[in-house]
Asker: 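A single structure is presented below for examination.
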Amino acid sequence: MRPLPKGMRLGVASAAFQVEGAWDAADKSPNIWDNFCRSIGVIKDNSNAKDACKSYEYYKRDVSMVKFLGVDFYRFSISWSRVLPTGFPNKISKEGSQYYSNLIDELIANGIEPVVTMFHWDLPQRLQDLGGWANPLIADWFEDYARVLFDLYGDRVKTWITINEPKQIGLFGYGGKRFAPAINAHGIGEYLAAKNIIMAHARAWRLYDREYRAKQNGTCSITIATDYRQGMTDSPDDVRAGLDAMDFEVGLYSHPIFSEKGGFPESVVRLVAEKSKQQGYPQSRLPEFTKEEIEFVKGTSDFYGFNHYSTKFYSRQSYKPGMFPVPSYDDDLGAAVSLMDYKPAAVPHCTAIPEGIRKSLKWVKDTCNDPPIMITENGFGTFGGLQDDDRVAYLNSYMTEILDAVEEDKCNVVAYTVWSLMDNFEWDSGLRVKFGIFETDYDDEKKTRIPRASAFWYKHLAETRSFNCDYKPTLEDLTF
Ligand code: BGC
């Protein structure tokens, strides 16, 4: 038994679009994912999130599940177009804003802390029509939205996360077409979005710091996908490729906020500038931060929001021009990627390579000024089953590495969050891919939940606050 680090809080997470359903309740306006799901063929199982887990209707049931687990907090997100149907604060939806107020009250009444993500990918379509994250004015719009949320809920919410995973928003939604809004402007869109997302985050953080912190006494930060990327071999070229891949995938978002120097990482600036020049662009496709912007963004964090799912391996030697579209982010990085001899998991973006989480935590400690790290997501996708031994094995092996990172590398991990409380709408994979420690029965009108073995694993950890890496609950022995 290893005691959890003193004060390390435990939680579970979800996101509005993935669980709420009620896509057209009251005066909510459509968001980009509502609309994306209508296009034939973009969601792998052709499902949509019109109902999802019906959390909008049965939020009290979600709270009782969190209570059953005995964890400290519930991380959920707010749907921008549910609270502000026009996207702007000229009109605050009474019913939409009341929903989150009720959820927050219900959590607090049950002794659970609400941890709130302001934006988890479901941008109001009306703002997308004006350019979305490609329009620098979104920093104004986001600050206005943040003000509404601080005013409505800041008396009760003490942990805010501005934006979930800038990389996934930009790379898959603007650079590519896997995610809404599917702009597919590779080599350009992802970098525009990256800068505008960082500016929007910084505006919201500074607003909190300036006008709300003293009276509301909370914390605010951003969540960055911090998967691990390393060289395929020990050759200096491959080692460099791994470091550059970390800069492209993580540093692009963390460096401007957490490093001493600020701005985008030097390797990304150099590589994108070189490629842009070769390709005949008069200036780099990576936008610059002005000196004022660099200073404005630097230090806009109270903790590092850390999501982790996978490790991948990179090689410059195996890279061949033409491997990736030109221009593109992958081509700018200029490295081949592989899983080496590791088996891909059923859901390919979760590779079960536990040592990667320890390396990522150490990378954050070393490159981001040793911040308090809140692990805001970690979890494993499957295709279902209540006796989810594969998920329990994943969680056991990842928790072992996290505790090693704390005890041996002295990483300051202040919280751990399992993704996800329940099966939910897994973006372009639809309803088929399951991340829940509770199963959701989508065939049932009420979308009933049943705890999986992993829910009992987590309950045991929360109860004992000690970690036993051999604990593998058997459902037959347990009841709900
Ligand atoms: C996202 C979640 C998603 C999870 C599993 C994360 O990147 O924040 O919304 O469900 O990964 O794929």
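Just so you know, these numbers come straight off a predicted model, no measurement behind them. Order of listing sets the numbers, starting from 1, for every ligand and every atom in it.
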Asker: Nearest heavy-atom pair of Lys434 and Arg391: which atoms, and what distance?
Answerer: O-NH2, 2.8 Å
Asker: Answer with side chain, backbone, both or neither: which part of Asn164 has a heavy atom less than 4.0 angstrom from an atom of ligand 1?
Answerer: side chain
Asker: Under 3.5 Å between any N/O of Glu426 and any N/O of ligand 1: does that happen in this structure?
Answerer: yes
Asker: Could you tell me if the ring centre of Phe313 sits under 6.0 Å from that of Tyr342?
Answerer: yes
Asker: Which option, Phe435, Phe172, Tyr309, owns the non-hydrogen atom nearest atom 4 (C) of ligand 1?
Answerer: Tyr309
Asker: Which residue is it: Tyr99, Tyr153, Phe119? I am looking for the one with a side-chain contact (heavy atoms from CB on, under 4.5 Å) to Ile78.
Answerer: Tyr153
Asker: Are the charged groups of Lys167 and Glu249 less than 4.0 angstrom apart, N to O?
Answerer: yes
Asker: In the protein, which heavy atom is nearest to atom 6 (C) of ligand 1, and how far is it?
Answerer: Glu377 OE1, 3.1 Å
Asker: Could you list the atoms of ligand 1 found under 4.0 angstrom from a heavy atom of Glu165?
Answerer: 1 (C), 6 (C), 7 (O), 8 (O)
Asker: Before we go on, tell me: are the rings of Phe456 and Phe68 under 6.0 Å apart, centre to centre?
Answerer: yes
Asker: Run the contact test for Gln168 against ligand 1 with a 4.0 Å cut-off on heavy atoms, strictly below, and give the result.
Answerer: no
Asker: With a 6.0 Å cut-off on ring centres, are Trp160 and Trp205 close enough?
Answerer: no
Asker: Decide whether an N or O pair under 3.5 Å exists between Trp121 and ligand 1.
Answerer: no
Asker: Which ligand 1 atoms, with their elements, are less than 4.0 angstrom from a heavy-atom of His120?
Answerer: 1 (C), 2 (C), 8 (O), 9 (O)
